[in-house]
Amino acid sequence: MSAHDIRSATRPDPDQPLVDIANYVADYTIDSQEAYDTARYMLLDSLACSALAMKFPDCVKHLGPVVPGATLAGGSRVPFTSHELDPVQAAFAIGTQIRYLDFNDTWLAAEWGHPSDNLGAILSVADYLSRKAVKEGGKPLTVRDVLGYAIKAHEIQGCYALKNSFNRVGQDHVILVRLASTAVTTAMLGGDKEQITTAVSHSWIDNGALRTYRHAPNTGPRKSWAAGDACRRAVTHAINAVYRNVVGYPSALSAKTWGYYDVAFKGNAFEFERPFGSYVMENVLFKISFPAEFHAQTAVECAMALHAQVGNRLDDVEKVVIETQEAGCRIIDKTGPLANYADRDHCIQYMVAVPLIFGRLTADDYNDSVAADPRIDALRDKMTVVENPQFTKDYFDPEKRYIGNSVQVFFKDGTSTEKVSIDFPIGHRKRRAEGIPVLLKKFESALRAEWPADRVEKVLAVTSSPEKLDAMPIHEFMTLFTA
């Protein structure tokens, strides 16, 4: 009987992408010191984002149990809170914290995303397992273990993103958070290759969330908790595969008519640029200076450089020309009224206008109180956004992975500023030496805004020593950040 006969009930072998993920997660040894070092900074940066998010009530309201009272003594902790939750709901809460301000790490290719979103699932499961192990006289996971799982989650999400554009079929990039988190948390729970394959098949059968909430005219704050939602679903799949031994679906991708490829990916199979290793963690992009959608990071840097020439001449501005990559044009070029915080931090014109006017861009600058300043929309109305083909080419070059932008301001008297162009932001691998001290300052400042000095010093004493940090049991590490 033909393999394309949809009447056949013969169980096929698992699709190769499912097998490849299971083999990688179960068998591959991470031996890159650069990957571990970068992962350590990624962990601290993500916790800084979590701390900063605690200032926003719309984030905090998502962080507790799914219904009042549904707590779990000895469960997973949520940083900067007193919550103890089941690992599924804690994955949602932690993922939401990390992602809320659009200030955590980024990966840009055919698909976009934020690989540290996976920490929502990884930290939740790790804390739960370690507290359970200690209670039962077993061995807890260490921070080093968690970093290893994070490297693999980054790699899965990032390698899929290199050649496969989910946004082109209208799906949100958190589909890859769910995929990567499902795979690694299944392994963390003790799952074997068959169980990892099973869990991953369920992840694909979920299909994907629509990108509706990321784009005009519907941009809204769901984009700030979408990754948490993906983490929550991932842990559910992992638990079902390991603890409940659910049945898997081997051709979840390739099944004719009913599989993911035919239903959601226009009949196309996935493409891959490279085998899984540690490439993504080594090359991940950090958002260090500005909480802004990453395609605009260098545009904000350009605007900051021009503030001194423009800030006191706003009435004289005739036009502002922003050159960006094709992806930037497609995602964050917006005109008209911006409805909310989430709308503003995905508008390149807004993210350029604020630093041109004020010489800054902080999370608070997306709030209604700042957005009400009439100078912002007046300047936005004078902006033109165009694609620079070289920026697009460098964006896709695997040896560069640049995110270039340029900004130039023209005045009514015929004069203009210089055209300021920046190819890659401070969080890029090529600017690591410059960026890491700023990242660590971001981490320290975020803690000092939450806690008294003595508590911050205690955390810094641990986190400043890679050896001490790596060896620390993860539940003890999480205790450092519990309110």
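Only heavy atoms go into these numbers, but all of them, side chains included; no hydrogens, no water, no symmetry mates. In this text, all values refer to a predicted model and were calculated from it rather than measured experimentally.
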Aromatic ring pairing W225/H62, orientation class (parallel under 30°, perpendicular over 60°, tilted between): tilted
salt_bridge(R448, E457) N-O dist < 4.0 Å: yes
Side chains of N218 and T212, donor plus acceptor under 3.5 Å: no
Note: R401-E273 ion pair, threshold 4.0 Å (strictly below): yes
Lys/Arg-Asp/Glu bridge criterion (N-O < 4.0 Å) met for R330, D333: no
Any donor-acceptor N or O pair under 3.5 Å, side chains N167, Q171: no
F103 six-ring centre to K287 NZ/CZ under 6.0 Å and within 45° of normal: no
Crowding at CG, D413 (>12 non-hydrogen neighbours, <6.0 Å): yes
Parallel, tilted or perpendicular, as decided by the 30° and 60° cut-offs, for the rings of F270 and Y160: perpendicular
Aromatic plane relationship, F265 with Y261 - under 30° parallel, 30 to 60° tilted, over 60° perpendicular: tilted
Side-chain ion pair, E387 and K393, N-O less than 4.0 Å: no
F424 and H428 aromatic ring geometry - parallel, tilted or perpendicular at 30°/60° bounds: tilted
Any donor-acceptor N or O pair under 3.5 Å, side chains N104, D45: no
Donor-acceptor pair between N405 and H295 side chains, under 3.5 angstrom: no
Cationic N near anionic O, under 4.0 Å, D127 to R77: yes
Test item: side-chain donor near acceptor, K334 and T219, under 3.5 Å: yes
Ring geometry between Y260 and F166 (parallel below 30°, tilted from 30 to 60°, perpendicular above 60°): tilted
Under 3.5 Å side-chain donor-acceptor pair for E323 and Q408: no
Ring centres under 6.0 angstrom apart (Y395, Y402): no
Ionic contact status for D345 with K223, cut-off 4.0 Å: yes
Donor + acceptor pair across side chains of D343, Y350 (<3.5 Å): no
H114-H173 aromatic ring centre distance below 6.0 Å: yes
No-hydrogen, no-angle side-chain donor-acceptor test under 3.5 Å, S203 and D206: no
Parallel, tilted or perpendicular: rings of Y279 and W107 (30°, 60°): perpendicular
SB check R455 E450 (cutoff 4.0 Å): no
E155-S278 side chain donor-acceptor pair, cut-off 3.5 Å: no
Qualifying residue for side-chain contact (heavy atoms from CB on, under 4.5 Å) with Y100, from S224, S50, C49: S224
Ring-face cation contact, Y341 with R344, 6.0 Å cut, 45° max: no
Neighbour count >12 (heavy atoms, 6.0 Å) for atom NZ, K55: yes
Qualifying residue for side-chain contact (heavy atoms from CB on, under 4.5 Å) with I98, from T96, L101, I94: I94
